[in-house]
Novice: 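Shown below is the structure under consideration.
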Number of protein chains: 2
Amino acid sequence: MSKLSSAGEKFILHWGEMGTRWGVNRSVAQVHALLYVSPNPLHAEEIADTLSVARSNVSTSLRELQGWGLVRVVHLLGDRRDHFESMHDVWEMFHVILDERKRREIDPTLQMLRSCVTEIQQGEKPDKHMQERMTWMLEFFEGMTSLYAEARRLPPHTLRAWVRGKGKVRRWIDSLLGSD
Amino acid sequence: MSKLSSAGEKFILHWGEMGTRWGVNRSVAQVHALLYVSPNPLHAEEIADTLSVARSNVSTSLRELQGWGLVRVVHLLGDRRDHFESMHDVWEMFHVILDERKRREIDPTLQMLRSCVTEIQQGEKPDKHMQERMTWMLEFFEGMTSLYAEARRLPPHTLRAWVRGKGKVRRWIDSLLGSD
DNA sequence: CTGTTAGTTCAGTTTATACAGAAATAACTG
DNA sequence: CAGTTATTTCTGTATAAACTGAACTAACAG
């Protein structure tokens, strides 16, 4: 795959753009997109050629993607070059990304909020307004975190099955919970 | 509120940093954080002074925040300056942000994926691999979108009540859905 | 060994974005 | 209507991040 189809190019460019909107480097997102649609693992030079970026850029992008756990190295017999392939299960990909962003961003935020609340409480003249607001925020993040932890514990294919066909059951549960 | 407490400062700086990680301008996030913890609406100059940024910067940041629907103008009797206050319900804030990011980013992505899949199908020699991968991605986004739409329909306080106290019920539902 | 290929690291450059300050506009006051 | 205050818009500058190309390291092949 040295030349991209029109759809492939469209997808990769859009994915790169999406990346920037969510705080991910454009090249990193593009490499990820390319590996996602590629039928077979690619080596660095193929990637660089296809995306028209420097090899060094590809190297660091691949490093980043491996750090996220989205891409892994594959070796082919008779070829000493590293080849790379993306995780292909989109739902699993989603989980990996959420886990990682939680670890990198949500957990530190929880820490920060807890230390702010403690600090306010221990001050001489505690600012009740601010304490209240920060507590709300803290409770929100704690709630979402535990909700996610619960969802995370579901058997792997439950969520996708649920989303696909369980509208009825879900609505029934909603009504149950709503009447409380 | 012209001088910030230590906790307030810590919160605002962290929030600004979080913003950048999620593709939101640092100043915008800081202004939002400040208004969130502020006990009363603030006018532009107060904000600029407190955060040590230019008024013009505050002006555009406030515009942005109003565009998101997170901040609104308030007028006080005997004061012709605009004052601004943030939405204070964190759960509602979350919904507003998700709705807006869906509209700005997810919906265009769905469009892009649909047009890619169509384009591949209509090509002379359809690339089956790529079609499959893009279809998976499309189904994922469609699934998440409809799941979110359902959650969105829940009565306003259901989710927070659920998160707070419904661990038991939730686990029971999980087991129900898991055994299917 | 020596030449070649793969991969990484680093220094310098480019690019995009954020930001400040000035200028322009608008709204109000006496 | 003149003077003042609030707000927005615009232009140029500063900053941070991304990216390239070259230098370097490592691994291998003959």
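Naming: A, B, ... by sequence-line order, numbering from 1 per chain.
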Novice: Please state how far atom CD in E45(B) lies from atom C1' in dT5(D), giving the value in whole angstrom units.
Specialist: 10 Å
Novice: Can you give the first and last nucleotides of DNA chain C, 5' to 3', that have an atom under 4.0 Å from a heavy atom of chain B?
Specialist: dA18(C) to dC28(C)
Novice: Show me the pairs that pass salt bridge (Lys or Arg N to Asp or Glu O under 4.0 Å) and involve residues 67-83 of chain A, at least two apart or across chains.
Specialist: R72(A)-E85(A), D79(A)-R81(A)
Novice: Does F94(B) have any ring pair (Phe, Tyr, Trp, His ring centres under 6.0 Å) partners at least two apart in sequence or in another chain, and if so, which?
Specialist: F140(A)
Novice: Apply ring pair (Phe, Tyr, Trp, His ring centres under 6.0 Å) to F11(B) and list each qualifying residue two or more places apart in sequence or on a separate chain.
Specialist: W15(B)
Novice: Who passes side-chain hydrogen bond (donor to acceptor under 3.5 Å, both in side chains) against T109(A), sequence neighbours left out?
Specialist: H14(B)
Novice: Going by the rule salt bridge (Lys or Arg N to Asp or Glu O under 4.0 Å), which residues pair with E17(A) if we only count those two or more places apart in sequence or in a different chain?
Specialist: R26(A)
Novice: Could you check how far CD of E46(B) sits from P of dT5(D), rounded to whole Å?
Specialist: 17 Å
Novice: Answer yes when E132(A) and K128(A) have at least one side-chain N-carboxylate O distance shorter than 4.0 Å, and no when they do not.
Specialist: no
Novice: Starting from M18(B), walk the hydrophobic network (Ile, Leu, Val, Met, Phe, Trp, Tyr; side-chain heavy atoms closer than 4.5 Å) and list everyone else you reach, by chain and number.
Specialist: M18(A), W22(A), W22(B)
Novice: Need to verify one output field. Residue with the more 5' nearest nucleotide on DNA chain C, H83(A) or E17(A)?
Specialist: H83(A)
Novice: Can you build the contact string for nucleotides 10-30 of chain D? Use B for base contact, S for sugar-phosphate-only contact, and - for no protein heavy atom under 4.0 Å.
Specialist: --------SSBB-----BS--
Novice: Just to verify, what does H43(B) make a ring pair (Phe, Tyr, Trp, His ring centres under 6.0 Å) with, not counting sequence neighbours?
Specialist: H83(B)
Novice: How many Å lie between CZ on R81(B) and P on dT8(D), as a whole number?
Specialist: 14 Å
